[in-house]
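Have a look at the structure below before the remarks.
Residue numbers begin at 1 in each chain, while the letters A, B, ... track the order of the sequences. Small disclaimer: the values here were computed from a predicted structure and weren't measured.
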Amino acid sequence: MPTSLASRARLFKEYKDVQREKSADTDILLTCDENNIYRWTAHIKGPAETPYQEGIFQLSINVPEQYPLVPPQVRFLTKVFHPNVHFKTGEICLDILKTAWSPAWTLQSVCRAIIALMAHPEADSPLNCDCGNLLRSGDLRGYQSMARMYTRLAASPNVSH
Amino acid sequence: MEMVLDLDGDRPRDDEIMAQHYAIRAEEAGKISFLGNKEPLSTLAAEYELGNSIFKTKIEKLGEIYGAIRRTRGDGNCFFRAFMFSYLENLLETKNNLEAARVKDSVEKCKQTLLDLGHAEFTFEDFLASFTEQLDAVQDVTLSVDKLVDNCRDQAISDSVVMFFRFITSGEIRKRADFFEPFIFGTSGMAVQQFCRTSVEPMGEESDHVHITALSDALGVPIRIVYLDSSVGDGGKTVEVNFHDFIPSELSQEKVKPPVMLLYRPGHYDILYEK
C-alpha cells in the first residue's frame, strides 16, 4: 500500500474510533477538517488540580503523509504557560512526538499524553525557559500564578480569543 | 543541506528539525538499500584486510561453516529487516507450508496478546497484514526469492513488516514482564513499560538480546546470532567465533537448526548463509 493510502486508511479508522468513543473521554474533543483528513483540531480540558484547571486548550494537529510511521505535528493554538510548551509558537516538547513515536499511539492517546504533560511539567527540558526557571528555583507559587493567569486570559471558554 | 532558521526564536522549529532528520535518512538510504545482494564471504574478509588480526582469524573460521553474506542497511531496524528476509527466504527454499501455517497461528496469538494489552486493533492490523500477505504468497507459491528481495527493498512493505515485528516484540516482553524485567533493568536501567515504549516500539531503535529473545519466542522461530567482535577466549590463546542460538521454549528440548542465521557486529546485523 503506498504511504498516502496507508495514512488515509489509518486516519479514517481513527476518525470512526473518535466518533464511537466521543462520550467516553469528555476531556478531549477531536475534530477533523471536513475537507482534509490530514488536518485535525483538538480541544482539551486542563487537568484538575493544576493551574490549567477549567481551561479549554486548542491544539492544531498536522498529520504527515507517512503517518503513522512518523508522528503528527501537534502544537498549542491557545497560549499556555508551561515549561515544555514554547510560549510563542505553541510547540510541545514531548518524546512521543519526536524520537519515541510509534504507530501504537493515536491522535486520541497523543492528546491524553499532552494532558498528562500539563499535569506533570518537566522543568529539565524547558521550551519556555522563564517557566522552567521558576520551577527549577522552587518557586512553585510563582509558576502556578503565572500559569493560572494565562489560563484565565487565554483558555477560559467564556473569553473570546 | 540548507537550514531554514526560525527568525522568531533561537532554535529551529520542530518540523524543521524533523524535516532535516528525514532528509539525512533519505540521503543515507541512497547509499545502501534496505537489503543487499548475496555476496561471497570473501567480501567480508576484504573489509578487514588491513585491520585487526583477530577479526581476520575469525572470518577465516567463519568461512569453514558459512559461505555467503547478505548485508542490510544500518538504520536501527537491521535486526528486524534481516529476520524478515532470512525467515521468509528459508520458508521459500524449504517449501515448508507446514511452518508457514504454524507461524500464522503464532501471529494470531500475538494479535490476541496485543488486544489483551489494550492496543486498539486498528493501530496494528495493517502491519500484521503486511506480514501475513508474505506468508500467503509463500503458501500460494506466488512469491519468488527475487520478489521477496523487491518486497524487502520496498519501503512501504518492508517498514510495515518491521513495525509489525516491533509490535509483537513489545507485546511478548510486556506479556512476560516478570521474565524480561531483570534483563531489561540490568542492561538499560529502565522499567519494562518504559523500555518497550522507547526502545522497542519506535522505528530505528536498535535491537539487543532482549528483542531477539522476545521475537523468537513470540513467533516460535529459532534464531542464531554469530558474533564477530575482537573478543578472545582462554586468556587470548584461542580465537573462536562465538554464536548463540535463541530457541523458543516449546522447542528447547529438541535439536533444532535455526532457519535464521545472522552475523552480529557491534551495532549491526547482516544475514549469513551456511555453505
Give a yes or no on whether [X] atom [atom1] has more than 12 heavy-atom contacts from other residues, nucleotides or ligands under 6.0 Å away.
| X | atom1 | value |
| --- | --- | --- |
| A:R112 | CZ | yes |
| B:K104 | NZ | yes |
| A:E34 | CD | no |
| A:F12 | CZ | no |
| A:E54 | CD | no |
| B:R102 | CZ | yes |

What is the distance from atom [atom1] of [X] to atom [atom2] of [Y], rounded to the nearest 0.5 Å?
| X | Y | atom1 | atom2 | answer |
| --- | --- | --- | --- | --- |
| A:W105 | B:H119 | CH2 | NE2 | 10.5 Å |
| B:E121 | A:K13 | CD | NZ | 9.0 Å |
| A:S102 | B:R197 | OG | CZ | 9.5 Å |
| B:E205 | A:T99 | CD | OG1 | 7.0 Å |

With respect to chain B, which residue among A:V70, A:N62, A:T106, A:I92 yields the maximal number of heavy-atom pairs within a distance under 4.5 Å?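 Among A:V70, A:N62, A:T106, A:I92, the one with the most close pairs to chain B is A:V70.
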Most heavy-atom pairs under 4.5 Å with chain B, out of A:D95, A:L97, A:I96, belong to A:D95
Which atoms of B:F122 are under 4.5 Å from chain A, going by heavy atoms: the side chain, the backbone, both sets, or neither?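 Both parts, backbone and side chain.
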So, the part of B:Q155 with a heavy atom under 4.5 Å from chain A: the answer is neither
Nearest heavy atoms of A:P103 and B:F127, plus distance in Å: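 For A:P103 and B:F127, the tightest heavy-atom pair comes out as CB-CE1, 3.6 Å.
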Show your reasoning for whether side chain to side chain contact (heavy atoms under 4.5 Å, CB included) applies to A:E14 and B:T123. CA-CA 9 Å; A:E14 292 206 32; B:T123 59; over 6 Å; no
